[in-house]
Trainee: 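So that we are looking at the same thing, I have put the structure below in structure tokens.
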There are 4 protein chains.
Amino acid sequence: MSEQDKMIDELFNHDEELTEKQKKILAAAIESFAEKGYAATSTSEIAKKAGVAEGTIFRHYKTKKELLLTIVAPMMAKLIAPFVIKDFNKVLNQDYEHFEDFVRAMIENRTKFLMSNMQLFRILIQEIPFHPELKEQFKEHIAKKIFERFEKVIAHYQAKGQIIDMPPFSVIRMTASTIFGYVIARYLLVPEAEWDDEAEIERTVQFLMHGLSPIK
Amino acid sequence: MSEQDKMIDELFNHDEELTEKQKKILAAAIESFAEKGYAATSTSEIAKKAGVAEGTIFRHYKTKKELLLTIVAPMMAKLIAPFVIKDFNKVLNQDYEHFEDFVRAMIENRTKFLMSNMQLFRILIQEIPFHPELKEQFKEHIAKKIFERFEKVIAHYQAKGQIIDMPPFSVIRMTASTIFGYVIARYLLVPEAEWDDEAEIERTVQFLMHGLSPIK
Amino acid sequence: MSEQDKMIDELFNHDEELTEKQKKILAAAIESFAEKGYAATSTSEIAKKAGVAEGTIFRHYKTKKELLLTIVAPMMAKLIAPFVIKDFNKVLNQDYEHFEDFVRAMIENRTKFLMSNMQLFRILIQEIPFHPELKEQFKEHIAKKIFERFEKVIAHYQAKGQIIDMPPFSVIRMTASTIFGYVIARYLLVPEAEWDDEAEIERTVQFLMHGLSPIK
Amino acid sequence: MSEQDKMIDELFNHDEELTEKQKKILAAAIESFAEKGYAATSTSEIAKKAGVAEGTIFRHYKTKKELLLTIVAPMMAKLIAPFVIKDFNKVLNQDYEHFEDFVRAMIENRTKFLMSNMQLFRILIQEIPFHPELKEQFKEHIAKKIFERFEKVIAHYQAKGQIIDMPPFSVIRMTASTIFGYVIARYLLVPEAEWDDEAEIERTVQFLMHGLSPIK
DNA sequence: AATGAATGAGATTTCATTCAT
DNA sequence: GATGAATGAAATCTCATTCAT
């Protein structure tokens with residue numbers, strides 16, 4: 001079983017099992033959508049790449065759009081998974097005494113996730129601007145939830161005097177910019193450069209910590 | 001003359017004059033490409049929006065792709081204009097004694113530019129991933145040039161002890177992430193929120209400055 | 001099954017079966033190409049005449065040009081078929097003691113073939129001048145092969161003293177001119193005239209025989 | 001003044017003078033029509049090749065078809081010129097005692113003419129099959145006239161016992177096949193071969209003479 | 001469940017022709 | 001006379017989707 005296959009199994013295997021053909025279709029669609037974009041990918045192209053007949057795609061997914069949503073929805077869900085686990089706050093209080101520990105843990109966890117789902121991440125950020133319903137879904141189900149959770153976290157560490165006193169939204173914005181900036185540069189913009197990942201992550205964490213530390 | 005028209009005149013009016021219809025076509029294409037993406041925009045739609053016959057588009061631009069390139073190319077050029085002016089270094093030495101002044105000037109100048117060309121900026125970042133030739137062009141003509149110039153600037157301020165000792169590439173990456181993160185959040189992700197721009201920019205500058213200041 | 005259908009089956013039915021629609025498309029294309037020429041025939045016209053949707057044409061033939069080649073290629077092949085049969089020489093030695101017998105057999109065989117494939121022959125001679133790749137193909141695969149075989153035949157009968165001593169190329173040229181001249185006049189230029197085919201062929205054979213007989 | 005120009009002047013200069021632009025248009029059209037065919041040649045292409053604006057063509061020729069007719073008509077006229085001169089019969093009686101002299105004179109005269117107007121000849125034979133009105137015109141004004149004249153010539157030499165007793169139509173058909181066969185092979189099919197023109201013409205004349213000589 | 005031929009709407013592009021300058 | 005921008009009809013081709021097998 002290939003990496004690709006494992007990823008697909010993990011992300012898409014909810015209730016019913018996926019047939020072999022369905023997995024092939026998903027894998028082919030993911031590859032093409034990531035590379036050329038949803039609108040520029042034809043269903044016949046996906047069929048050919050997946051090694052199935054054109055009609056087969058429409059047997060499983062009523063429309064091309066549904067195929068996109070099938071791909072994008074679980075990615076969104078998994079993206080915020082760590083932030084919506086029930087005992088997020090408890091974990092927080094117990095595990096991470098310093099904001100730095102929290103940030104480091106978040107970065108490590110999320111970069112690993114994005115890294116092993118880079119194509120899906122690409123599709124997500126490339127297609128959201130073009131599909132209002134995706135945008136809406138993203139804001140409502142993802143951004144809002146993350147923001148709510150994070151707000152408390154920020155307040156928590158601000159109360160402890162570990163973070164500069166600043167509107168939580170701004171803190172979140174900067175943190176997100178910094179982390180996504182790293183991931184995008186690392187895996188999308190210049191993946192071919194030589195990266196010392198450990199050192200670069202360390203620098204990124206330091207940058208964030210200093211940038212957000214309270215002014216003495 | 002509308003804002004749109006002024007912008008088009010400024011960006012596209014090189015040698016020959018543009019006819020009225022050409023401007024209309026460019027304006028319509030920019031609007032549609034920004035909103036729905038290049039691949040999902042039909043030339044008939046552009047023609048209708050521009051109030052011209054479909055054939056007219058192809059009289060001026062041999063292909064739909066050429067229309068995209070006509071739109072994107074000058075945007076790229078203008079984007080780096082401030083960094084490639086001949087006496088960039090002189091300006092630097094004379095005008096900005098502190099890195100903070102430099103950063104502040106850069107942010108103000110570039111955010112203003114992006115703000116008044118937001119649709120073009122959207123097209124740029126939305127389409128680059130889908131067109132290898134655009135990507136290449138961007139790397140070769142834009143990223144590389146900016147990097148070369150910036151590298152010297154960073155070295156300059158590092159020598160003066162104003163910035164942390166870190167590979168220039170990392171400094172540039174963090175600076176860019178922070179600035180683009182602001183612009184994208186401000187104008188693309190949540191433009192509908194209430195923004196206190198002055199304060200937010202100030203916070204962003206402070207974040208950057210602290211994040212990059214040498215460790216005491 | 002119509003005459004048309006039989007001809008199409010015979011010429012185009014290689015490995016896979018042709019669907020009913022494909023035959024209709026080929027028949028319609030042949031008719032239109034012969035009458036108005038390739039360039040002046042639109043695919044929508046072919047579709048209408050064939051009673052299929054325009055898209056159906058492109059499902060079977062990637063481009064209009066491919067449709068032309070599909071039509072023209074087997075015609076070329078069949079045209080030279082009798083000359084490239086393996087034991088062409090044996091047949092020759094045994095069957096035709098006199099050059100006249102050979103010529104007569106050739107004329108009868110080839111005129112019959114052309115007659116029952118007149119539309120395809122028209123397309124062939126009408127389109128070859130406009131398509132360099134067809135021209136090349138014709139020269140390489142048809143003209144050259146026929147020439148090689150014929151050269152030996154000519155030499156054979158010259159050695160027997162039945163034909164005038166003349167460069168084989170010239171003999172072939174005159175023979176071909178005479179035969180094609182008859183076919184073209186008979187079926188393309190003035191098909192509406194009253195032709196006594198038997199007598200005319202006899203005259204043509206006599207003309208050729210006298211024209212090429214050795215000088216006494 | 002180029003060869004091309006001289007030819008155009010000679011063929012097209014009837015009453016009014018042709019402007020420089022008109023000559024350029026005609027020359028460009030002739031070149032393109034000969035090479036790619038009328039239907040596959042666009043007026044914009046002709047305009048570009050002629051170095052004039054697209055509109056200019058339509059100032060001189062109402063339609064593209066008219067441009068074709070302007071080119072083809074005088075070619076037809078010149079093609080039969082020698083056969084319709086008033087005293088064709090007189091000339092005949094006096095000048096050519098033997099059929100061979102007549103044939104030789106005809107071949108020399110007409111091959112020279114065709115040779116120096118090869119592009120126009122190509123257009124003529126390539127386009128006649130596609131344009132019913134051209135076909136009609138050709139039959140009515142050219143073929144018929146030539147046939148009438150030639151019939152008398154043939155009868156004349158048959159009466160003198162110099163030609164085989166055969167329907168004049170057949171004699172003409174064979175003569176025409178032989179002559180056109182030579183011209184087409186020489187200048188259109190294999191112009192790149194090494195031709196000993198004098199010898200080849202001599203062979204062709206001999207072939208014709210023997211082919212048509214009375215049976216002893 | 002799977003196929004792939006067929007469809008028809010629509011996409012991009014071409015082109016002969018017109019017309020204001 | 002000449003230009004070339006503009007047109008709109010039509011040409012080639014693409015594509016998501018349907019449906020009989």
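Proteins come first, then strands; the chains are lettered A, B, ... in the order of their sequence lines, and each starts at number 1.
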Trainee: Kindly say if B:His60 contacts the phosphate of F:dA6, meaning a side-chain N or O under 4.0 Å from OP1 or OP2.
Mentor: yes

Trainee: Salt bridge check, C:Lys65 against C:Glu133: does any charged N sit closer than 4.0 Å to a carboxylate O?
Mentor: yes

Trainee: Using atom CD of D:Glu20 as one end and atom P of F:dT3 as the other, report the distance to the nearest whole Å.
Mentor: 13 Å

Trainee: In whole angstroms, how far is the P atom of E:dA1 from the NZ atom of A:Lys24?
Mentor: 17 Å

Trainee: For B:Arg59, is there an ion pair with D:Glu54 - N to carboxylate O distance below 4.0 angstrom?
Mentor: yes

Trainee: Run through DNA chain E and report every stem of 3 or more consecutive Watson-Crick or G-U pairs, distances under 3.5 Å, ordered by first number.
Mentor: E:2-21 with F:2-21

Trainee: On the 0 to 90° scale, with breaks at 30° and 60°, tag the A:Phe130-B:Phe130 ring pair as parallel, tilted or perpendicular.
Mentor: tilted

Trainee: Can you measure C:Lys36 atom NZ to F:dA10 atom P for me and round it to whole angstrom units?
Mentor: 13 Å

Trainee: Expressed as a whole number of angstroms, how long is the span from B:Ile57:CD1 to F:dG8:P?
Mentor: 13 Å

Trainee: CG of B:Leu67 versus P of E:dA11: gap in Å, rounded?
Mentor: 16 Å

Trainee: C:Glu66 has an atom CD; how far is it from atom P of F:dT14, in whole Å?
Mentor: 11 Å

Trainee: Sugar-phosphate atoms are those with a prime plus P, OP1 and OP2; base atoms are the rest. Using that split, label each nucleotide of nucleotides 13-21 of chain E B, S or - for protein heavy atoms under 4.0 Å, 5' to 3'.
Mentor: BBSBBB---

Trainee: Is any side-chain heavy atom of D:Val72 closer than 4.5 Å to one of D:Phe33?
Mentor: no

Trainee: Assess the residue pair B:Glu45 and B:Lys36 against the criterion (salt bridge (Lys or Arg N to Asp or Glu O under 4.0 Å)); give the C-alpha distance rounded to whole Å, side-chain angles, the decisive distance to 0.1 Å, and a yes or no.
Mentor: CA-CA 11 Å; B:Glu45 196 188 330; B:Lys36 319 176 47 181; 3.2 Å; yes

Trainee: Heavy-atom count check: over 12 atoms from other residues, nucleotides or ligands less than 6.0 Å from C:His60 NE2?
Mentor: yes

Trainee: If you define the side chain from C-beta out and look only at heavy atoms, does anything of A:Ile25 sit under 4.5 Å from A:Tyr61?
Mentor: yes

Trainee: Nearest heavy-atom pair of B:Leu134 and B:Met76: which atoms, and what distance?
Mentor: O-CE, 3.7 Å

